[in-house]
Amino acid sequence: MARHVFLTRPPGVGKTTLIQKASEVLKSSGVPVDGFYTEEVRQGGRRTGFGVVTLSGTRGPLSRVRSEPMPGKCECQVGQYVVDDSLEQLALSIMRNVRLSTAPGLRVCVINEIGNMELFSQPFIQAVHQTLSSPATIILGTIPAPKGKPLALVEEIRGRPDMKVFSVTKEKRNPLLLDVMAWVQSCGK
């Protein structure tokens with residue numbers, strides 16, 4: 001039986017939108033939900049990076065476009081984006097708090113997303129492993145569609161027997177909400 005629910009597909013199909021809707025529905029039904037999602041940062045109609053947003057509304061940068069490398073600083077880069085360490089500052093404490101919560105019943109940790117930028121952080125990878133192993137926590141998360149070089153943690157998640165992975169498309173994003181909700185709620189039983 002699945003203990004965790006993940007959404008997958010290429011960028012732009014609505015995985016984050018679906019995660020946000022599911023989080024709202026779970027919260028309104030009394031399920032403890034915490035976590036984070038990523039969003040595009042735009043200036044003048046142009047994408048300049050990505051941000052991390054907690055479900056409580058705290059924001060921080062995940063990455064930004066950098067034209068010149070910082071002298072003497074080792075920077076992790078995905079394409080044109082330099083990865084910031086705000087992910088660790090925001091996400092790690094949330095994942096720890098959800099795992100260590102003593103609230104009875106179902107607890108959901110939203111992790112949107114486990115992808116290239118996030119996987120530069122070894123503490124983040126460790127926190128994901130700990131959250132996956134936490135017996136009282138259900139992860140509702142997103143992973144990228146397979147493309148290019150496989151990402152070890154993403155492939156590990158895909159291969160785990162305790163996962164339900166939904167493939168999201170723009171056309172079935174809204175109807176999929178009911179299926180995602182049913183699976184998340186069944187994971188807690």
Side-chain angles (χ1 to χ4, degrees), residues 1-9 11-40 50-60 62 86-115 118 121 123-144 153-154 156-158 160-189:
M1 182 66 167
R3 278 193 45 231
H4 307 291
V5 176
F6 280 85
L7 310 176
T8 190
R9 289 304 284 168
V13 296
K15 298 182 300 289
T16 300
T17 301
L18 185 54
I19 287 271
Q20 290 169 321
K21 287 180 181 180
S23 298
E24 290 169 14
V25 171
L26 287 165
K27 280 183 179 180
S28 69
S29 65
V31 175
V33 179
D34 205 354
F36 69 92
Y37 60 93
T38 58
E39 67 179 3
E40 287 186 348
F50 293 90
V52 177
V53 183
T54 68
L55 294 184
S56 63
T58 305
R59 295 175 182 277
L62 173 59
S86 289
L87 174 71
E88 291 179 3
Q89 297 167 13
L90 295 173
L92 297 184
S93 63
I94 289 171
M95 287 191 280
R96 182 180 53 255
N97 291 343
V98 171
R99 281 193 323 270
L100 300 178
S101 171
T102 57
L106 177 68
R107 289 192 310 266
V108 177
C109 184
V110 172
I111 303 176
N112 174 41
E113 136 171 47
I114 299 172
E118 295 82 4
S121 168
F124 175 77
I125 293 170
Q126 189 174 31
V128 169
H129 278 120
Q130 291 168 341
T131 306
L132 285 167
S133 300
S134 175
T137 304
I138 296 165
I139 294 177
L140 174 58
T142 64
I143 52 177
L153 181 57
V154 172
E156 177 187 328
I157 288 169
R158 280 185 204 288
R160 287 177 61 122
D162 59 349
M163 296 296 150
K164 174 63 179 168
V165 179
F166 287 96
S167 184
V168 180
T169 64
K170 285 183 180 181
E171 298 76 32
K172 71 178 190 177
R173 176 185 65 216
N174 291 331
L176 199 55
L177 178 60
L178 294 175
D179 292 337
V180 168
M181 296 304 303
W183 272 95
V184 169
Q185 292 171 332
S186 74
C187 290
K189 295 180 180 173

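Remember, predicted model here, so these are calculated numbers, not experimental data.
- For the pair Met95/Val98, no side-chain contact is recorded, criterion being any heavy-atom separation below 4.5 Å from C-beta on.
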Working for side-chain contact (heavy atoms from CB on, under 4.5 Å), residues Gln130 and Leu100: CA-CA 11 Å; Gln130 291 168 341; Leu100 300 178; over 6 Å; no

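- Pairing each heavy atom of Ile139 with each of His4, the nearest pair is N-ND1, 3.0 Å.
- For residues 162-186, the set of pairs meeting the salt bridge (charged side-chain N to carboxylate O under 4.0 Å, His left out) definition, not counting sequence neighbours, comprises Arg3-Asp162, Arg160-Asp162.
- We find the CG-CZ distance between Leu176 and Phe166 to be 5.5 Å, quoted to the nearest 0.5 Å.
- Listed by chain and number, the residues in a side chain to side chain contact (heavy atoms under 4.5 Å, CB included) with Leu178 amount to none (sequence neighbours excluded).
- Going from atom CG of Leu26 over to atom CZ of Arg107 covers 14.5 Å, rounded to the nearest 0.5 Å.
- By the side chain to side chain contact (heavy atoms under 4.5 Å, CB included) test, Pro11 is found to be paired with no residue, residues two or more places apart in sequence or in another chain being considered.
- Residues Leu140 and Val5 have side chains in contact (heavy-atom distance under 4.5 Å, counting atoms from C-beta outward).
- When the side chain to side chain contact (heavy atoms under 4.5 Å, CB included) test is applied to Ser86, the partners found at least two apart in sequence or on another chain are Pro61, Asp84, Gln89.
- Scanning all heavy atoms of the two residues, the minimum distance from Gly60 to Leu90 falls at N-CD1, 3.6 Å.
- Rounded to the nearest 0.5 angstrom, Asn174 CG and Leu18 CG are separated by 8.0 Å.
- With sequence neighbours excluded, the residues that form a side chain to side chain donor-acceptor pair (under 3.5 Å) with Thr16 are Asn112.
- Expressed to the nearest 0.5 Å, how far CD of Glu118 lies from CD of Glu113 amounts to 5.5 Å.
- Scored by the side chain to side chain donor-acceptor pair (under 3.5 Å) test, Glu24 finds no partners at all (sequence neighbours excluded).
- In this structure, the side chains of Phe36 and Val110 stay at 4.5 Å or more apart for every pair of heavy atoms.
- Contact of the Ile111 side chain with the Phe6 side chain is not registered, since no non-hydrogen atoms from C-beta on lie closer than 4.5 Å.
- Here the closest non-hydrogen pair linking Cys187 and Ala2 is SG-O, 3.2 Å.
- Looking only at atom types and distance, the side chain of Arg99 has no donor-acceptor partner in the side chain of Thr137 under 3.5 Å away.
- Between Lys21 and Val25 the shortest side-chain heavy-atom distance does not fall below 4.5 Å.
- Once rounded to the nearest 0.5 Å, the distance linking OG of Ser121 with CG of Leu87 reads 6.0 Å.
- Glu40 is linked by a salt bridge (charged side-chain N to carboxylate O under 4.0 Å, His left out) to Arg42, Arg47, counting only residues two or more places apart in sequence or in another chain.
- When all heavy atoms of Ile138 and Val184 are compared, the closest pair comes out as CD1-O, 3.7 Å.
- Using a distance-only test at 3.5 Å, with no hydrogens or angles considered, no donor-acceptor pair links the side chain of Thr142 to the main chain of Thr8.
- For the residue pair Arg59 and Val53, the shortest heavy atom distance occurs at NH1-CG2, 3.1 Å.
- Judged by distance alone, with hydrogens and angles left aside, the side-chain atoms of Ser186 form a donor-acceptor pair with the main-chain N or O of Trp183 at under 3.5 Å.
- Legend: side-chain hydrogen bond (donor to acceptor under 3.5 Å, both in side chains) pairs involving residues 27-38, not counting sequence neighbours, sorted by first then second residue: Gln20-Tyr37.
- Partners of Asn97 according to the side chain to side chain donor-acceptor pair (under 3.5 Å) rule, which considers only residues two or more places apart in sequence or in another chain, do not exist here.
- Taking the side chain to side chain contact (heavy atoms under 4.5 Å, CB included) definition, one finds that Ser167 meets it with Arg9, sequence neighbours left out.
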